[in-house]
Amino acid sequence: MPEVPEVEALREFLDGQLVGKEFARVLPLTINALKTYDPPLGALTGTTVRAVERHGKWLDIVTGGSGAGAEGCLHLAIHLARAGWLRWKDEFPAAPPRPGKGPLALRAVLTGGDGFDLTEAGTTKRLAVHLVRDPFEVPAIASLGPDPLDDAFDRDALAALLAGERRQLKGALRDQRLIAGIGNAYSDEILHAAKLSPFKPVQNLTEDETTVLYDAMRTTLTSAIERSRGVAAGRLKAEKKSGLRVHGRAGETCPVCGDTIRSVAFADSSLQYCPTCQTGGKPLADRRTSRFLK
């Protein structure tokens, strides 16, 4: 699933491609993706893109009015979910696509003939598109926690968020209501950089560990954004994978200590970690528990 670094890179890419240009048509191609009906997607026809913003893992294409938040703006809010992606096209075939065929979920064409497709692979369809007058009309955006890349999000802000939490670090980092934009992959990377177990209870963090966690979060995410910056949209997924140290690399060698990276599998996801770097050399049980293997 695209997380803060990839979505921010897409936002920057789309900002350069879309701002100042006019939509000729926006076509929904599957009934699963479009979550709103008022205003209709047809309301975007003839509108000019004013800005491209990001809310956690959500893209927000702002049209009309005189800028983001202005009266009369429309917001095309997009969540790519696990298997969705945005594919930029310099031109499109003359014949319109057939709805419901293949991975196409939405097509947005500009008056210059270029634009983008939203696609989603697989049979589980979670990609979401909302057209709203205010992005906070989307419940998932309204409930987001602070952005970890916001200038106001400092070490003390993180400590305040974690105060009173009674769960494991991995789950806390992935909770969009607590911190926006971090998912399965970068939570693994952050915890590896911080040398903290994914199963460590949040309430057991020391002051020094909170500082290390904050520094690892900022460094991991900003480094990933720098790697992604300027990369074509079609290559961002490959760029993300190439930059990961532990996530998705079970059985490989830890680049820090040389130990073997291990995995814990859950019903619909898995986490990866280094025993030497993160758990005192002890492998974690491969089930939903914080207990170590005996």
Would you call [X] and [Y] a salt bridge, using N to O less than 4.0 angstrom?
X    : Y    : result
E209 : K200 : yes
R54  : D147 : yes
R229 : E12  : yes
R87  : D117 : no

Go through the steps to decide whether H79 and K57 satisfy the test side chain to side chain contact (heavy atoms under 4.5 Å, CB included), and finish with yes or no. CA-CA 7 Å; H79 192 281; K57 301 178 188 178; 3.9 Å; yes

[Y] reachable from [X] in the ILVMFWY side-chain graph, under 4.5 Å edges:
X    : Y    : result
F116 : W58  : no
V129 : V138 : no
V19  : L86  : yes
V26  : Y37  : yes
L106 : V49  : yes

Would a 4.5 Å heavy-atom cut-off, applied to side chains only, mark [X] and [Y] as touching?
X    : Y    : result
P198 : L284 : yes
C254 : Y273 : no
T63  : C73  : no
T47  : L44  : yes
V62  : E53  : yes
F23  : L41  : no
D188 : K170 : yes
P275 : K282 : no

Keeping [X] on the side-chain end and [Y] on the backbone end, is there a donor-acceptor pair under 3.5 Å?
X    : Y    : answer
E120 : R126 : yes
E3   : A185 : yes
D114 : E91  : no
T211 : E207 : yes
S223 : T220 : no
T30  : A33  : no
Q176 : L144 : no
D15  : A51  : no
S263 : L271 : yes

Inter-residue atom distance [X].[atom1] - [Y].[atom2], 0.5 Å rounding:
X    : Y    : atom1 : atom2 : result
D90  : Q17  : CG    : CD    : 7.5 Å
E252 : Q272 : CD    : CD    : 10.0 Å
T276 : K195 : OG1   : NZ    : 9.5 Å
F13  : S228 : CZ    : OG    : 13.5 Å
R245 : E189 : CZ    : CD    : 8.0 Å
D60  : H55  : CG    : NE2   : 3.5 Å

Measure across [X] and [Y] and return the closest heavy-atom pair with its distance rounded to 0.1 Å.
X    : Y    : result
P2   : W85  : CG-CZ3, 3.4 Å
H192 : C274 : CD2-CB, 3.9 Å
P28  : L34  : CB-CD2, 4.4 Å
P148 : R218 : O-NH1, 2.8 Å
S269 : R174 : OG-NH1, 3.8 Å
G64  : R50  : O-CG, 3.0 Å

With respect to I78, which candidate in L118, V7, L10 satisfies the side chain to side chain contact (heavy atoms under 4.5 Å, CB included) definition? L118

So, using side-chain contact (heavy atoms from CB on, under 4.5 Å) as the criterion, who are the partners of A159 when residues are at least two apart? R155, T210

Cluster partners of L149, using ILVMFWY side-chain heavy atoms under 4.5 angstrom, listed by chain and number? V4, F153, L158, L161, L162, L169, L173, L178, I179, I182, Y186, I190, L191, L196, V202, L205, L213, Y214, M217, L221, I225, L244

For L27, the hydrophobic cluster (side chain heavy atoms closer than 4.5 Å, chained through members) also holds L29, L104

Check step by step if side chain to side chain contact (heavy atoms under 4.5 Å, CB included) holds for T36 and D38. CA-CA 6 Å; T36 56; D38 180 25; over 6 Å; no

For L131 and H75: C-alpha separation, side-chain torsions, deciding distance, then whether side chain to side chain contact (heavy atoms under 4.5 Å, CB included) applies. CA-CA 6 Å; L131 183 62; H75 296 257; 5.9 Å; no

